[in-house]
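In what follows, a single structure is set out as structure tokens and then discussed.
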Number of protein chains: 2
Amino acid sequence: MKEGPPIAQIAALIGDPARANMLGALMSGKALTATELANEAQITRQTASTHLKKLTEGQLLVQRHQGRHRYYALANEEVALTLAGLMGLADLTGQSRTRTGPKDEALRTARACYNHLAGEKGVWLYESLCKQGHLDHKDGTLYLTDNGRAFALTFGIDVDKLENKSSALCRECLDWSARRSHLAGTLGRAFLTRFEEIGWVHRAPKSRAIIFTPRGNREFANHFPL
Amino acid sequence: MKEGPPIAQIAALIGDPARANMLGALMSGKALTATELANEAQITRQTASTHLKKLTEGQLLVQRHQGRHRYYALANEEVALTLAGLMGLADLTGQSRTRTGPKDEALRTARACYNHLAGEKGVWLYESLCKQGHLDHKDGTLYLTDNGRAFALTFGIDVDKLENKSSALCRECLDWSARRSHLAGTLGRAFLTRFEEIGWVHRAPKSRAIIFTPRGNREFANHFPL
DNA sequence: GACACAGTTCGATCATCATCGAAACATCCC
DNA sequence: GGGATGTTTCGATGATGATCGAACTGTGTC
């Protein structure tokens, strides 16, 4: 990796097509094995291995051993949110050639972004929580109100346990192309996990798309009015 | 430029050291000529020209003719904010080797970020405006309150004129390394411009640093209490 | 133990792209 | 017009880095 301004090193890491494909696959939030990532990027396992090494050294990924597998995941939420920002910008500047495919439609409606809900449904969730007074801004930071805390508890989310984690509880994830924010942070991830637990949604097999069941759609609209 | 996922193309553009240096120089918000940018990146003018062409085609920059000069500037605020995000992430992941130089100190205190105020003073401004009830969040978007509008007017900022512009009035610019937001958008730029007009600050010659005069420091603290 | 599977390291190849010298083009000034 | 400055285009060179075949390490299974 050539020397230069720090931003160039990170961008160069993301700038290779193979690596970008891997990062894109990891944006769902799930950890994937080296082989899965190699398939995702359409390269051999050897090549993938060198890429994964670079990404890990660059602190964009972390690896976790599990038997003979090595699972790779995005290093932290900051990486995920920055990548989301870049993706939105790419969309905005018209780098994306393929417009409005049938599968893209599902992604635009609801998708996983580092294990929180993004897309239209993500914006919906966020705005509903704000409007109900469950989330609020104070001096520039997003926080969960007492009302919101109670609401989360009745919804089956153990907020106290979330707060022990080192990363932030509430955070905004900005999507340039939608020009809207939605909820990220450990709370954002907890909501999506809960939706899965209670059978409102399930994940599409090989995609970031989140599929709402008919019941999930109804219940979601009931619990999160706009 | 190799094909691949859209994000890779943008990142690859930023990922070259020479181009990254140019973008860094333009982050102040000022437009610079091709020759100035070549000097900034320490490359010949021919090389700079090809880089600038690529950046312009990639919609990261716009160029403006003025006589025999060609001024280049960041294409829009979205580009600027995304670059700021990447820079913060680079800082966070420890890509930056040079820690806490004497000049970095000034940058951390106050610097220009696409013509709005960033750094500690930027956070200060933002938090003060929030605390005084001049800025508020509603359903996930930042907006100027009626109080804030009146305040801006007495401060010498013509808000009505700003609102006619196509880009957003209020926007947040997130700095990962500081983990705080500050005010961007046309209003953010208007504030910095006004500070310059009334002699509170001036720009360091070849840097993004913003220098507060002694009087500027006092007045700033008076007008924007925390 | 032998075998299959997952992943990494090594070495060689090859394509891409940044770089610069030279030259062309454009604009301003006198 | 002629000369000076700013900028781009062209062509050639060179270095970086992505890629894959082959070989090697480590882990689980029978």
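Worth saying up front: this structure is predicted, and the values here are computed from it rather than measured. Residue numbers start from 1 in every chain, and the chains themselves are labelled A, B, ... in the order their sequence lines are given, proteins ahead of strands.
For the pair B:His69 NE2 and C:dC28 C1', the computed distance is 9 Å after rounding to whole Å. In this structure, A:Leu52 places its CG atom 14 Å from C1' of D:dA18, rounding to the nearest Å. Computed from coordinates, the A:Arg64 CZ to C:dA6 P distance equals 17 Å when rounded to whole Å. One interatomic measurement links the two molecules: CZ of B:Arg45 to C1' of D:dT5, which rounds to 9 Å at whole-angstrom precision. Following rounding to the nearest Å, B:His51 (NE2) and C:dC17 (P) show an atom-to-atom distance of 12 Å. Straight-line distance from the CD1 atom of A:Ile14 to the P atom of D:dA18: 14 Å, rounded to whole Å. In this entry the distance linking CZ of B:Arg19 with P of C:dT16 reads 16 Å, nearest Å. Here the C1' atom of nucleotide C:dT16 and the CG atom of A:Asp16 are 12 Å apart, to the nearest Å.
With B:Arg19 contributing its side chain and B:Ala12 its backbone, the two residues share a donor-acceptor pair below 3.5 Å. A donor-acceptor pair under 3.5 Å links the side-chain atoms of B:Glu36 to the main chain of B:Thr33, judged by distance alone.
Within the 4.5 Å cutoff, the side chain of B:Cys113 has heavy atoms near those of the B:Arg208 side chain.
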Listing, residues 62-72 of chain A side-chain donor-acceptor contacts under 3.5 Å, not counting sequence neighbours, or none:
unit_1, atom_1, unit_2, atom_2, d
A:Gln63, NE2, A:Tyr72, OH, 2.7

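To the nearest 0.5 Å, atoms CD1 (B:Ile10) and CG (A:Leu92) are separated by 9.0 Å. A distance of 6.0 Å separates CG of A:Leu162 from CG of A:Leu169, quoted to the nearest 0.5 Å. Here CZ of B:Phe220 is found 7.5 Å from CH2 of B:Trp200. Values are rounded to the nearest 0.5 Å.
Contact between the side-chain N/O atoms of A:Thr47 and the OP1/OP2 oxygens of D:dC20 is found at a separation under 4.0 Å. Contact check, A:Tyr71 against C:dA6: no side-chain N or O comes under 4.0 Å of OP1 or OP2. Between A:Lys54 and D:dA18 there is a side-chain polar atom (N or O) within less than 4.0 angstrom of OP1 or OP2. Taking 4.0 angstrom as the limit, A:His65 places none of its side-chain polar atoms (N or O) nearer than this to OP1 or OP2 of C:dA6.
For residues 21-35 of chain B, proximity to DNA chain D is found at B:Thr33, B:Ala34, B:Thr35, defined as any non-hydrogen atom under 4.0 angstrom from a strand atom.
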Going 5' to 3' through nucleotides 21-27 of chain D, assign each nucleotide B (protein heavy atom under 4.0 Å from a base atom), S (under 4.0 Å only from sugar-phosphate atoms) or - (no protein heavy atom that close). BB----B
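The listed nucleotides are D:dT9, C:dT19, C:dT8; the one nearest the side chain of B:Ala18 is C:dT19.
Nearest heavy atom pair, residue A:Leu192 against residue A:Leu117, reads CD2-N, 4.1 Å.
Annotation: A:Phe155 is in aromatic contact with A:Phe224 [ring centroid separation under 6.0 Å].
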